[in-house]
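Everything below concerns the one structure shown next.
In what follows, chains carry the letters A, B, and so on, assigned in the order in which the sequence lines appear, proteins first and then strands, with residues in each chain numbered from 1. If you're wondering where the values come from, they're calculated on a predicted model, not measured in any experiment.
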2 protein chains.
Amino acid sequence: MFKLYSKGCEYALRALTYAASQSGNGRFQARDVCEKVDIPESFTRKVFQALTQGGFLQAVRGPGGGYELTRSPEQITLLDVIEAVEGQDTFEHCVLGFPECGGKHPCPLHETWSKAKKQLMAQLEHRTLQDLADSTTRKKRRAFVSGA
Amino acid sequence: MFKLYSKGCEYALRALTYAASQSGNGRFQARDVCEKVDIPESFTRKVFQALTQGGFLQAVRGPGGGYELTRSPEQITLLDVIEAVEGQDTFEHCVLGFPECGGKHPCPLHETWSKAKKQLMAQLEHRTLQDLADSTTRKKRRAFVSGA
DNA sequence: TGATTAGTGGACCTTTCTATCCACTATTAT
DNA sequence: ATAATAGTGGATAGAAAGGTCCACTAATCA
């Protein structure tokens with residue numbers, strides 16, 4: 001089945017989007033954010049650990065601690081998050097599984113897929129965590145104003 | 001990690017592309033084609049069974065038997081094969097895992113993903129098994145002519 | 001110093017996907 | 001009829017992804 005990214009990555013996107021939408025110093029706690037966006041805490045913690053080791057998040061221990069983004073949300077694209085979680089080469093594998101697929105020995109789908117991939121990645125590079133955070137916040141504000 | 005489709009679907013595409021590239025009555029045997037394109041036979045047989053039950057292939061038992069495509073290769077797009085193996089709804093799931101994601105309650109990524117998906121599916125609908133078969137045949141002929 | 005808070009790292013379990021095996025049925029040829 | 005061929009269906013095994021638990025460390029506060 002089709003998968004744009006793993007579950008861990010999905011959780012990371014949801015969690016970080018929520019974190020970015022919160023006003024304040026930008027610090028968030030794993031427990032809190034997982035509860036808020038309704039994703040499995042233990043599992044997501046592992047993803048946070050990986051993002052920390054990858055230099056994407058900074059961990060702060062002890063009371064009042066949590067995580068902080070090392071860049072501001074408007075400087076982080078979806079592709080950044082995806083590649084941080086999945087590795088830089090997620091989109092690089094030959095879709096027909098030809099080990100030799102490449103410039104010199106392209107598989108029959110190489111050109112087609114290259115084109116599709118380019119368009120896909122352009123979309124993912126185009127939007128930032130801040131964009132996503134804004135769109136959720138807007139929605140909530142609309143609901144609030146309309147009394148829903 | 002990113003996956004355009006499952007292993008089974010990858011094998012189906014490779015096998016059917018090979019089958020389409022063969023001259024003759026269009027009948028092929030599981031054992032033969034799996035050997036030729038170097039994919040696991042037992043596993044791929046299951047995929048063939050599914051494609052048969054889905055009306056995509058016709059099975060012929062006994063000596064000289066095998067499978068036949070129920071449509072000609074130039075009438076079968078990559079998207080056809082993918083949806084036949086993976087189900088019609090492979091590309092329909094919300095990428096952020098929001099159960100409510102849809103026209104009325106779009107997730108923050110809904111628009112972005114819809115656009116990317118449309119472009120992706122356009123690519124997959126554009127090429128047929130015959131196209132893929134032709135490109136592999138052309139390559140072989142080139143190699144033959146050039147003496148490689 | 002001791003209690004509390006919050007992230008860490010490793011072991012372990014469950015589910016899904018991938019893969020193999022084998023007895024069985026249908027078909028053809030001798 | 002019998003043997004050989006080719007797909008079928010079910011059981012089962014192995015690998016990877018998804019998920020949980022718990023003892024531990026670091027930091028803060030009383």
**Prompt:** Could a donor-acceptor pair under 3.5 angstrom be found where the side chain of Q49(A) meets the base of dG7(C)?
**Reply:** no

**Prompt:** With sugar-phosphate meaning primed atoms plus P, OP1 and OP2, does G8(A) contact a base, only sugar-phosphate, or nothing at under 4.0 Å between heavy atoms?
**Reply:** nothing

**Stepwise side-chain hydrogen bond (donor to acceptor under 3.5 Å, both in side chains) check, Q49(B) with T52(B)** = CA-CA 5 Å; Q49(B) 281 180 32; T52(B) 301; over 6 Å; no

**Message:** By nearest atom, which of the nucleotides dT28(D), dG18(D), dT18(C) is closest to the P63(A) side chain?
**Reply:** dT28(D)

**Asked** More than 12 heavy atoms of other residues, nucleotides or ligands under 6.0 Å from NZ of K115(A): is that the case?
**Response** no

**Message:** I'd like to know if R61(B) reaches the base of dT25(C) with its side chain such that a donor and an acceptor end up less than 3.5 angstrom apart.
**Reply:** yes

**Request:** Give a yes or no on this: more than 12 heavy atoms of other residues, nucleotides or ligands lie within 6.0 Å of atom CG of D38(A).
**Result:** no

**Request:** Assign Q53(B) to base, sugar-phosphate, or nothing according to its heavy-atom contacts below 4.0 angstrom with the strands shown.
**Result:** sugar-phosphate

**Prompt:** Per the atom types in the model, does the base of dG10(C) pair as donor or acceptor with the side chain of K46(A) at under 3.5 Å?
**Reply:** yes

**Prompt:** Any idea which of dG18(D), dT18(C), dC21(D) is nearest the F43(A) side chain?
**Reply:** dG18(D)

**Message:** If we count only N and O atoms by modelled type, under 3.5 Å, do the side chains of Q75(A) and T128(A) hold a donor and an acceptor together?
**Reply:** no

**Asked** Does a donor on one side chain sit under 3.5 Å from an acceptor on the other, for S114(B) and E111(B)?
**Response** no

**Asked** What does F48(A) touch in the nucleic acid at a heavy-atom separation under 4.0 angstrom: a base, only the sugar-phosphate, or nothing?
**Response** nothing

**Request:** For DNA chain D, find the residues of residues 27-35 of chain B with a heavy-atom distance under 4.0 Å and give them by number; none if there aren't any.
**Result:** Q29(B), A30(B)

**Item:** Under 4.0 angstrom between K3(B) side-chain N/O and dT16(C) OP1 or OP2
**Value:** no

**Request:** Indicate whether OP1 or OP2 belonging to dA6(D) is found under 4.0 Å from a side-chain N or O atom of Y67(B).
**Result:** no

**Message:** If you count every heavy atom of other residues, nucleotides or ligands that lies below 6.0 Å from R31(B) atom CZ, does the total exceed 12?
**Reply:** no

**Prompt:** In whole angstrom, what separates M1(B)'s CE from dC17(C)'s C1'?
**Reply:** 11 Å

